[in-house]
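This report refers to the structure that appears directly beneath it.
Numbers here simply count residues along the sequence, with the first being 1. Worth knowing before you read on, the calculation uses all heavy atoms, side chains too, and leaves out hydrogens, waters and symmetry mates. Treat the numbers as computed from the prediction; the structure is a model and nothing was measured.
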Amino acid sequence: MNKHIKVFSGSQIFVNRLSQLLNKIEVPYLVKDNKEAGRVAGFGTLGNSIDVFIYESDLEKAQDTIDSFKEEIAEEK
């Protein structure tokens with residue numbers, strides 16, 4: 001069974017950018033928006049509540065892209 005692993009948590013803007021990069025290298029991903037789920041359920045969440053998951057088996061393929069993305073956003077902060 002192929003297990004999902006979390007590779008990033010952050011704002012919607014950063015998640016959208018990482019999603020584009022993962023699409024470009026053809027790595028499937030899953031976005032879990034805890035903030036929106038909490039809003040719909042009637043309670044809020046704090047912090048970076050949007051998570052990106054990929055299959056554990058795709059980590060090696062995606063690692064350079066994820067690392068470059070994290071370096072890019074660290075420079076913007």
Let me confirm one number: the [atom1]-[atom2] distance from [X] to [Y], rounded to the nearest 0.5 Å.
X     : Y     : atom1 : atom2 : result
Ser49 : Lys32 : OG    : NZ    : 10.5 Å
His4  : Tyr55 : NE2   : OH    : 4.5 Å
Leu21 : Asn16 : CG    : CG    : 11.0 Å

Open item on the list: The criterion is side-chain contact (heavy atoms from CB on, under 4.5 Å); which residues satisfy it with Ser19, sequence neighbours excluded?
Closed with: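 So Ser19 forms a side-chain contact (heavy atoms from CB on, under 4.5 Å) with Val15, Tyr29, Val31.
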- [ ] Could you pull out all residues at least two apart from Ile25 that satisfy side-chain contact (heavy atoms from CB on, under 4.5 Å)?
- [x]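 For Ile25, the residues satisfying side-chain contact (heavy atoms from CB on, under 4.5 Å) (neighbours in sequence not counted) are Leu22, Val27, Ala62, Thr65.
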Open item on the list: Is there a continuous path of hydrophobic side-chain contacts, each under 4.5 Å between heavy atoms, that joins Ile5 to Leu30?
Closed with: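 No, it is not one cluster - the side chains of Ile5 and Leu30 are not joined through contacts under 4.5 Å.
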Task: Single-linkage hydrophobic cluster Ile50~Ile66, side-chain heavy atoms < 4.5 angstrom - done: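 Yes; tracing contacts between hydrophobic side chains, which count when under 4.5 Å, links both residues.
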TODO: Using the salt bridge (Lys or Arg N to Asp or Glu O under 4.0 Å) rule, collect all pairs that involve residues 59-68, keeping only residues at least two apart or in two chains.
DONE: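 The answer is none; no pair qualifies.
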- [ ] Sequence neighbours left out, what pairs pass salt bridge (Lys or Arg N to Asp or Glu O under 4.0 Å) with at least one residue falling in residues 14-28?
- [x]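 For residues 14-28: Arg17-Glu72.
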Which heavy atom of [X] sits nearest to which heavy atom of [Y], and what is that distance?
X     : Y     : value
Ile54 : Leu59 : CD1-CA, 3.8 Å
Phe14 : Phe69 : O-CZ, 3.3 Å
Lys70 : Val7  : NZ-O, 3.0 Å

TODO: Could you tell me which residues satisfy ring pair (Phe, Tyr, Trp, His ring centres under 6.0 Å) with Phe53, sequence neighbours excluded, listed by chain and number?
DONE: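 Phe53 satisfies ring pair (Phe, Tyr, Trp, His ring centres under 6.0 Å) with no other residue.
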